[in-house]
Amino acid sequence: MTTQEKPKFYLTTPIYYANSRPHVGSAYTTIACDVMARYKRMCGYDVVYVTGTDEHGVNIERAAEKAGISPQELVDKNEKIFRELWDLLGITYDRDKFVRTTSPEHARAVQALVKRTLERDRKLPEKERAIYKGKYEGRYCIYDNLYVSDTPEPVNCPTCGRLAELVSEENYFFRLSAYRERLEALYSASPQFLVPDFRFNEVKSFVGAGLKDISISRKSIKWGIPWPGDPEHVFYVWYDALTSYMTGVGFGRTGEEGDADPVFKRYWPADVHMMGKEIIRFHAVYWPAFLMAAGLPVPRQIVAHGWLLFEQEKMSKSKGNVAYPEPIVNALDELAGAKVGNDALRYYLLRETVFGHDGNFSREALITRYNADLTNGLGNLASRVLTMIGNYFHGVIPDRTNWDSNEAMALEQNVYIRSSASKRAYDDYRFSDAAQDIWQIMSLVDFLLVAQKPWAMIADVSQRLAVGGLLHDAAEAIRIATVLAHPAIPDATQRIWEQLGQEGNLADQRIDQLQWGGLKPGTKIGKPEAVFPRLDKKQALEKIEAMENEIKNPGAAAASASVASTSGAAPAAGTAAAPATANPYITIDDFAKIDLRVGTVKSAERIPGADKLLKLIVDLGSETRQILSGIAPAYAPEELVGRKVVVVANLAPRKMRGLESAGMILAASDGEGGKPIICTFTDEIAAGAKVK
Ligand code: MSP
């Protein structure tokens, strides 16, 4: 069958904010989508799987400023890290369709979408137009890119809990209020438009309560896609980001209206947008309304999962409670001496948490699952059965003789029941159920082996045929379980497939056509090997932690290596000298390296084009310095003159916005993004005095 003849299935992950590296929470959505993409391919679909990076908005601008690099440099760096991680996790996304929102083709798509909407608006009376200009005054959360309230009163963001910023400017608005009936009609026509149900009900109540128009452009932000014909405005990041789902399949590439590209014609609308629960509203309310206003088909389904909680809260970089996937995968691979880490992480995430609900993430539970389900379960069963076939039948799959017609029939029927249940579970995004059904198949085999004891039967020559039949059926059940488990556990299942003497890629097998009887007697099996070597939990946790510390404190490992080499034997090349857990303390000597001085601010002024920075001239007693400081959100320049501040005097000078900054002013802020409050003195102290 050619690609064009197959039914299509187009699914997407959200595009990830490229302000920092991905963590296990980001990997969760991508892995779940990957399982679905692999499953659908194995059911005969022509699958397109699009992911990408969300590279515009204030939080990117801020993260770049903090890192002292340009926003483009920051997103280039992080986009690479995302892609490397997707490779490590065996994510089968369409590489040529990866969307970066800073790419020219994406800008074209966003502009085409709005132009198309404006074109349709032109034919409507002013009051009915989807897009209009208006004054926006409200509170906006820069971390979640969310308009929190349309009034100027201070309010915290419902998602992250931080104080939302005051915004007041003339913007382009989208008349969302006019879409209530159309959205409600969509929801009743497609009862599965959003799953799970309980989330759909929340959206229906939100829409039922009436919708407010939303601002879809910003004047105060520079880092975004310019509005066509009015470049003072950039697009609101969600209008920009949501359009990525169409950029990926060629929207805006051809034709006046943007939708003429054959790829777009074939794949749009998306079959599934998958995402975490906190961004449902953008996908189930805003996005279909934007598309309706442009006269384009809406996505078929929104699938929402819950959060991975870590230390009781949503895992999130800004809260600091993150675990990274790379250390888990690499530590497990290294300790097992085989490629097991990716399977272990994927399996754990899918099996442990009921998809749609929140779940706890724990490295310890991951290792427990690995040893229990993968080592003892799948791996051990496969190697036991294959070893017996090796020992008793010279490594050749025996005939399926009538070893015990009742037992044989029961096994075949139960395998059928379980595999059908597991397919239904995959179809409904119940990944944990799918895994449990597959593991039930293995329990059936295990139970049978324990009951029949082929290792004892083989001693009796008259039972040889029966043992052959039993082992044939056991191996056949394992073959079926292996095919079914492949979307979730891609690496080890391929190895078991080969050990079963099967040719080609397991990914090319058809799950929808999977039937009992595929294992042919006479097939020469491969060498049985443990696919999931057992791991020592303590050792694994220590190794993961050490590798994680290398990500969180880059350079710490190198620093401890140099300490180690002065105090004794030099570490062997290529071996990590870092201790299992990083030392959380610094010494007094470390602290003494920082030259902290009292400074008096002599003058302060704003820097054109940099709204966070002030240029300060600071008297340090024996010298005056020019220091650029990001305290403009909290202080007017005139307030600072004459104030005593704490200066890091021996910080290497660096250039910001083309100006040199020789030192740093200490300030504290309430959480990331809180206003910076300078450290100062309540009593008299001379400029230049050392702070220690
Ligand atoms: N850029 C927006 C999406 C725009 S889509 C048009 C965004 N990005 S994100 O990086 O914050 O989140 C991307 C995905 O990662 C979301 O599905 C989100 O739910 C998921 N996760 C991030 N942290 C998570 C957990 N701790 N747990 C589970 N998933 C989480 O939102």
Side-chain angles (χ1 to χ4, degrees), residues 11-34 50-60 63 75 78-79 81-82 85-86 91 99-102 106 109-110 113 141-146 157 159-160 199 216 224-225 235-248 270 272-288 290-291 299 302-325 345 349-350 352-362 429 431:
L11 92 164
T12 64
T13 69
I15 50 169
Y16 296 91
Y17 288 129
N19 54 343
S20 56
R21 64 182 305 135
H23 52 75
V24 171
S26 347
Y28 184 54
T29 319
T30 313
I31 289 174
C33 267
D34 186 60
V50 168
T51 186
T53 38
D54 196 347
E55 303 186 351
H56 285 133
V58 214
N59 49 4
I60 305 273
V75 296
N78 285 331
E79 179 257 357
I81 301 179
F82 270 95
L85 176 63
W86 302 155
I91 305 298
V99 182
R100 297 188 63 181
T101 57
T102 53
H106 177 67
V110 174
L113 181 62
C141 173
I142 55 160
Y143 300 99
D144 293 298
N145 291 314
L146 178 74
C157 168
T159 307
C160 69
R199 301 256 181 246
I216 54 165
I225 297 173
F235 279 88
Y236 166 44
V237 280
W238 274 100
Y239 194 93
D240 167 343
L242 288 160
T243 310
S244 68
Y245 297 139
M246 299 202 299
T247 310
V272 166
H273 292 320
M274 193 188 283
M275 76 212 55
K277 65 180 183 182
E278 79 282 14
I279 53 175
I280 293 174
R281 195 196 300 171
F282 300 102
H283 287 82
V285 183
Y286 294 11
W287 182 224
F290 294 162
L291 291 167
I302 311 287
V303 174
H305 61 73
W307 284 343
L308 285 186
L309 309 176
F310 192 45
E311 293 153 6
Q312 271 77 53
E313 275 196 275
K314 180 188 177 219
M315 188 185 295
S316 128
K317 173 77 195 302
S318 58
K319 289 187 188 141
N321 59 334
V322 278
Y324 293 107
L345 177 66
L349 291 177
L350 298 164
E352 192 84 1
T353 298
V354 175
F355 201 71
H357 294 261
D358 291 351
N360 276 313
F361 176 80
S362 133
Y429 297 85
F431 298 116

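When a residue number appears, it is its place in the shown sequence, counting from 1. We count ligands from 1, going down the list as the structure has it; atoms in each ligand are counted the same way.
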Looking at residues at least two apart in the chain, or sitting in another chain, which of them share a ring-ring contact (aromatic ring centres under 6.0 Å, His included) with Tyr429?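 Tyr429: no ring-ring contact (aromatic ring centres under 6.0 Å, His included) contacts found.
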By ring-ring contact (aromatic ring centres under 6.0 Å, His included), which residues pair with Phe431, not counting sequence neighbours?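 Listed in chain order: Phe355.
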Within the distance-only criterion (no hydrogens, no angle test), does the side chain of Asn321 pair as donor or acceptor with the backbone N or O of Phe310 below 3.5 angstrom? yes
Any ion pair linking Asp358 and Lys277 (charged N to carboxylate O, less than 4.0 Å)?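 Counted as a salt bridge, because a side-chain N and a carboxylate O are separated by less than 4.0 Å.
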N or O contacts of ligand 1 with protein under 3.5 Å, please list pair by pair.
{"residue": "ligand 1", "atom": "1 (N)", "partner": "Ile15", "partner atom": "O", "Å": "2.8"}
{"residue": "ligand 1", "atom": "1 (N)", "partner": "Asp54", "partner atom": "OD2", "Å": "2.7"}
{"residue": "ligand 1", "atom": "10 (O)", "partner": "Tyr17", "partner atom": "N", "Å": "3.2"}
{"residue": "ligand 1", "atom": "17 (O)", "partner": "Thr29", "partner atom": "OG1", "Å": "3.2"}
{"residue": "ligand 1", "atom": "17 (O)", "partner": "Gly276", "partner atom": "N", "Å": "2.8"}
{"residue": "ligand 1", "atom": "19 (O)", "partner": "Gly276", "partner atom": "N", "Å": "3.3"}
{"residue": "ligand 1", "atom": "19 (O)", "partner": "Glu278", "partner atom": "OE1", "Å": "3.1"}
{"residue": "ligand 1", "atom": "19 (O)", "partner": "Glu278", "partner atom": "OE2", "Å": "2.9"}
{"residue": "ligand 1", "atom": "26 (N)", "partner": "Leu308", "partner atom": "O", "Å": "3.1"}
{"residue": "ligand 1", "atom": "26 (N)", "partner": "Met315", "partner atom": "N", "Å": "3.3"}
{"residue": "ligand 1", "atom": "26 (N)", "partner": "Met315", "partner atom": "O", "Å": "2.9"}
{"residue": "ligand 1", "atom": "27 (N)", "partner": "Leu308", "partner atom": "N", "Å": "2.8"}
{"residue": "ligand 1", "atom": "29 (N)", "partner": "Gly25", "partner atom": "O", "Å": "3.3"}

Which residues pass the side-chain contact (heavy atoms from CB on, under 4.5 Å) test with Ser244, sequence neighbours left out?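 Ser244: side-chain contact (heavy atoms from CB on, under 4.5 Å) contacts with Ile15, Val99, His106.
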Hey, mind stepping through His56 and Tyr17 against ring pair (Phe, Tyr, Trp, His ring centres under 6.0 Å) and telling me if it holds? CA-CA 8 Å; His56 285 133; Tyr17 288 129; over 10 Å; no
